[in-house]
Every structure is written in C-alpha cells, then in structure tokens.
Amino acid sequence: MPTPFTLNVKDLIRQIPAGKVAPYGLIAALAGNPRAARQVAWVLHACSAAEHLPWHRVVNRNGKISLKPFLGYEIQKQRLLQEGVVFDAKDAIDLDRYLWRKG
DNA sequence: TTACTGACCTTTT
DNA sequence: AAAAAGGCCAGTA
C-alpha cells in the first residue's frame with residue numbers, strides 16, 4: 001500500500017496540461033513533502049509506464065531532462081516538442097514560460 | 001530481515 | 001560563491 005504522498009504525486013502528474021512542465025520539487029511540494037523529490041522521480045521511472053502518466057512533462061530543476069541519452073532522453077524531448085515545448089541552445093526549457101501553474 | 005540504489009531537491013558548511 | 005550532507009519512499013539483492 002503506497003503512501004498518500006505517492007498517490008498524490010500520480011494525481012498531480014495527471015493534472016499537468018500539455019505544453020507545460022513541472023520540476024520534481026514542485027510536485028513533491030504539492031504532494032506534501034518538499035524534500036521528497038526523489039520519491040517523485042521514483043514514481044516516474046517505476047510507475048509511469050504502468051499508469052498512463054505524462055512522465056515526459058516532468059523535468060529537473062534546471063529545466064533539463066535528467067534521463068541519460070539513449071535511455072529515454074530523446075523520447076522525452078520528442079514528446080515535449082510535440083506538445084509545443086521549446087528547448088533552448090542548452091537543451092533546457094524556459095521554466096518562466098512552460099512551468100506548470102496549478103490552477 | 002537489513003542494506004543499497006535511484007529520472008532529485010533543500011539546507012548547511 | 002561552490003561543495004557537502006541530509007532527507008524522502010519504494011524496489012531489489
């Protein structure tokens with residue numbers, strides 16, 4: 001039985017609209033534990049496939065993809081590009097523009 | 001059962 | 001300013 005935090009994380013990720021992204025810390029904070037970003041990451045790589053969570057809309061605090069190349073990085077980037085998210089020269093997303101705002 | 005690992009973030013030296 | 005440590009939860013060995 002997963003903790004409410006984990007369930008909350010999944011719900012929050014489901015609420016992320018297309019074309020927006022959310023860092024791990026924000027989801028963790030909304031889920032109730034600002035320092036449980038690591039757990040958020042775990043939920044993604046472990047449960048995202050089983051659920052249909054838009055895991056590609058979750059990036060790190062730098063606005064960059066944490067995944068390593070050829071291990072999901074390209075897939076996530078392509079998905080985001082399909083949704084209209086633009087990467088800058090550093091392969092990072094402008095969080096000021098694409099950060100998901102609750103509401 | 002304990003111990004280690006993992007798509008990380010925040011706080012403290 | 002940069003660097004180190006602490007913290008969170010679930011899965012695997």
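Note that the coordinates shown come from a computational prediction; the quantities given were computed from them, not determined experimentally. Below, chains carry the letters A, B, ... as their sequence lines are ordered, and counting in each starts from 1.
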Task: Exercise: do A:E83 and A:H56 side chains pair donor with acceptor under 3.5 Å - done: yes

Open item on the list: By the 4.0 Å heavy-atom rule, please label A:R61 as base, sugar-phosphate, or nothing.
Closed with: sugar-phosphate

Task: Cluster check A:L7, A:V40: I/L/V/M/F/W/Y, side chain < 4.5 angstrom - done: no

Task: Euclidean distance for P, C:dA10 against B:dT1 (whole angstrom) - done: 15 Å

Task: P gap between C:dA3 and B:dA7, integer Å - done: 23 Å

Find the distance [X]:[atom1] to [N]:[atom2] and express it as a whole number of Å.
X	N	atom1	atom2	result
A:W55	B:dC8	CH2	P	13 Å
A:L30	B:dC8	CG	P	19 Å
A:E51	B:dA7	CD	P	20 Å
A:H45	B:dA7	NE2	P	6 Å
A:K10	B:dA7	NZ	C1'	16 Å
A:L12	B:dC8	CG	P	19 Å
A:N33	B:dT10	CG	C1'	13 Å
A:R79	B:dA7	CZ	C1'	15 Å

TODO: Check every atom of B:dC9, B:dA7, C:dC9 against the side chain of A:F5 and return the nucleotide holding the closest atom.
DONE: C:dC9

Task: Proximal nucleotide (of B:dG6, B:dA7, C:dC9) relative to the A:R38 side chain - done: B:dG6

TODO: Could you say whether A:W42 or A:R35 is positioned toward the 5' end of DNA chain B, judged by the nucleotide with the nearest heavy atom to each?
DONE: A:W42

- [ ] State the pairing partner of C:dC9; accept Watson-Crick or G-U wobble contacts with both distances under 3.5 Å, and report none otherwise.
- [x] B:dG6

Task: A:F87 six-ring centre to A:K77 NZ/CZ under 6.0 Å and within 45° of normal - done: yes

Open item on the list: Measuring to OP1 and OP2 of B:dC9, would you say a side-chain N or O of A:N60 lies under 4.0 angstrom away?
Closed with: no

Task: 5' precedence on DNA chain C between A:C47 and A:A36 (nearest-nucleotide basis) - done: A:A36

Open item on the list: Distance check, rounded to the nearest 0.5 Å: A:K10 atom NZ versus A:L53 atom CG?
Closed with: 7.0 Å

- [ ] For salt bridge (Lys or Arg N to Asp or Glu O under 4.0 Å), just list the numbers for A:R14 and A:E51, CA-CA rounded to whole Å, side-chain angles, deciding distance to a tenth of an Å, and then say yes or no.
- [x] CA-CA 10 Å; A:R14 286 194 195 106; A:E51 320 279 330; 3.2 Å; yes

